[in-house]
Number of protein chains: 2
Amino acid sequence: MRFQKTTEYAIRAMVYLAKHPGQRLSTRSLHESLDIPYKYLGRLMSRLAEAGLVSVEHGKHGGYQISENRDSIYLYQIAEEVEGLEDYERCILGFPDCSDEHPCALHDRWVAHRENIKAMLYETTLADLEEEPTKQP
Amino acid sequence: MRFQKTTEYAIRAMVYLAKHPGQRLSTRSLHESLDIPYKYLGRLMSRLAEAGLVSVEHGKHGGYQISENRDSIYLYQIAEEVEGLEDYERCILGFPDCSDEHPCALHDRWVAHRENIKAMLYETTLADLEEEPTKQP
DNA sequence: TAAATATACTACCTGAAAGTAGCATTTAGG
DNA sequence: CCTAAATGCTACTTTCAGGTAGTATATTTA
Ligand code: SF4
Ligand code: SF4
């Protein structure tokens, strides 16, 4: 019961960028600050840029930068881009199609938690997370 | 953000057994009722039996049976046996060692949900789940 | 005791996520 | 124009959860 490793990486990187607004940071620099494999991070950042979550500049002095409106970037957008949101609509027991109408014994217990986590993802922006340190305390 | 597939299988099987107390069900029968790969389920049930969560009989008319005291089998015991509980003590951003004392921006938001899910696992028994149907509603 | 029906054990196969490597492409700036 | 420094692209490798196969072992029952 956890995020994919890649989602963790994406959140770490995005929060780090959000804490350095106006700065354009290279993959190398992010790699060194966040301890994420260099090449793997490169592809990940590329995806996040393609999704419009960060801006990117090529060439010398290039790199990634958070958009100005980081109060409108929500965590769910990061999770959606990286691992999708399908798990949050899914049966906890893995049955392929099932409704809320005749729920099994676990359904209500699980759905409550699932909806809470969804709410966290849908209501938290990067701006909300700027108050405190990102790297190891 | 979900349980491992094997954990889903284990919960499905255990809840199904809990709904058939006093019956000794073979792997073949569980496989047909729950749509879990036969051989894979065999190994899984073997593990659950070894962990003492179900009783087992070999040979003809053998199979698995839930213990009488199914009101003292908690979901966390199943999760613990199958995928471990390490994820519930883990940093959401994947940092190796970190304390609650100087938390990062996400920490409090995440820990609250994590503790709620842990509480569900630690407070729900198989007996609690017997009220409603297990298979597809 | 022999056949039938079950679990237990061991080894191997598969697919997807994670990680690695090399080269192409873009841009700043002397 | 040329070089340095950056991202982008493509392909390969590794790791592990999930799944398959065959055989050994245990138990009931005729
Ligand atoms: S009712 Fe039960 S089987 Fe159906 S989706 Fe909910 S948890 Fe899954
Ligand atoms: S404070 Fe942040 S970095 Fe530390 S364990 Fe909590 S979520 Fe992870």
Side-chain angles (χ1 to χ4, degrees), chain A residues 1-13 17 23-66 78-79 81-84 86-87 90 93-94 96, chain B residues 1-13 17 23-66 78-84 86-87 93-94 96:
Chain A
M1 180 67 64
R2 65 151 97 171
F3 290 123
Q4 288 181 7
K5 218 167 185 179
T6 310
T7 306
E8 292 179 353
Y9 290 164
I11 295 175
R12 273 153 78 171
L17 284 177
Q23 290 184 46
R24 194 166 289 284
L25 301 173
S26 69
T27 303
R28 177 69 56 189
S29 148
L30 291 170
H31 158 69
E32 285 164 359
S33 298
L34 297 171
D35 194 33
I36 301 172
Y38 174 66
K39 280 288 194 177
Y40 197 69
L41 177 59
R43 274 200 320 188
L44 173 57
M45 293 312 299
S46 180
R47 283 173 63 190
L48 296 177
E50 195 177 3
L53 295 174
V54 291
S55 79
V56 58
E57 294 261 338
H58 281 210
K60 201 167 182 175
H61 300 147
Y64 302 94
Q65 185 173 359
I66 200 79
I78 302 173
E81 179 56 31
V82 176
E83 66 175 39
E86 298 80 17
D87 287 349
R90 195 163 167 287
L93 300 181
Chain B
M1 180 66 65
R2 65 151 98 170
F3 289 122
Q4 289 181 7
K5 217 167 185 179
T6 310
T7 307
E8 291 179 355
Y9 290 164
I11 294 175
R12 273 154 78 171
L17 284 177
Q23 289 182 46
R24 193 166 290 282
L25 300 173
S26 68
T27 303
R28 177 71 56 191
S29 149
L30 291 171
H31 157 69
E32 284 163 0
S33 297
L34 299 171
D35 195 31
I36 300 172
Y38 174 66
K39 282 286 195 176
Y40 196 68
L41 177 60
R43 274 199 320 183
L44 173 57
M45 293 311 298
S46 181
R47 283 172 63 190
L48 296 177
E50 196 177 2
L53 295 173
V54 292
S55 79
V56 58
E57 294 261 340
H58 282 210
K60 200 167 182 175
H61 300 146
Y64 302 94
Q65 185 173 0
I66 200 76
I78 302 173
E80 182 175 33
E81 180 56 29
V82 176
E83 67 175 38
E86 299 79 17
D87 287 350
L93 299 181

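Lettering of chains follows the sequences in order, A, B, ..., and the numbering in each one begins at 1.
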Measure from the side chain of A:Ser26, starting at C-beta and using heavy atoms only, and say which of D:dA6, C:dG19, C:dA8 lies closest.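 Within the option list, the nearest is D:dA6.
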So, does [X] get its side chain near the phosphate of [N], meaning an N or O under 4.0 Å from OP1 or OP2?
| X | N | value |
| --- | --- | --- |
| A:Tyr38 | C:dG19 | no |
| B:His58 | C:dT5 | no |
| B:Thr27 | C:dT7 | yes |
| A:Thr6 | C:dA17 | no |
| B:Ser46 | C:dT7 | no |
| A:Lys5 | C:dG19 | yes |
| B:Tyr40 | D:dA21 | no |

Could you state the [atom1]-[atom2] distance from [X] to [N], rounded to the nearest angstrom?
| X | N | atom1 | atom2 | value |
| --- | --- | --- | --- | --- |
| A:Leu17 | D:dT7 | CG | P | 11 Å |
| A:His31 | D:dT7 | NE2 | C1' | 16 Å |
| A:Leu44 | D:dG8 | CG | C1' | 14 Å |
| A:Glu32 | D:dA6 | CD | P | 10 Å |
| B:Lys39 | C:dT7 | NZ | C1' | 9 Å |
| B:Gln4 | C:dA17 | CD | C1' | 13 Å |
| A:Arg2 | D:dC16 | CZ | P | 12 Å |
| A:Arg47 | C:dA18 | CZ | C1' | 12 Å |

Base, sugar-phosphate, or nothing: which does B:Tyr64 touch, judged by heavy atoms less than 4.0 Å apart?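 Since only primed, P, OP1 and OP2 atoms lie under 4.0 Å of B:Tyr64, the category is sugar-phosphate.
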Identify, between A:His61 and A:Arg43, the residue whose nearest nucleotide on DNA chain D lies closer to the 5' end.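 Looking at DNA chain D, the more 5' nearest nucleotide goes with A:His61.
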For a side-chain contact (heavy atoms from CB on, under 4.5 Å) check, start with the C-alpha distance between A:Leu48 and A:Glu81, then their side-chain angles and the critical distance, and finish with the verdict. CA-CA 7 Å; A:Leu48 296 177; A:Glu81 179 56 31; 4.2 Å; yes
Under 3.5 Å, is there a donor on one side chain and an acceptor on the other for B:Thr7 and B:Arg2? no
The test is side-chain contact (heavy atoms from CB on, under 4.5 Å); show your working for A:Val82 and A:Tyr9 and say whether it passes. CA-CA 10 Å; A:Val82 176; A:Tyr9 290 164; over 6 Å; no
Worked verdict on A:Gln4 versus A:Asp87 for side-chain contact (heavy atoms from CB on, under 4.5 Å): CA-CA 11 Å; A:Gln4 288 181 7; A:Asp87 287 349; over 6 Å; no
Exceeds 12 heavy-atom contacts within 6.0 angstrom, atom CD of A:Gln23: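 Above 12, so yes.
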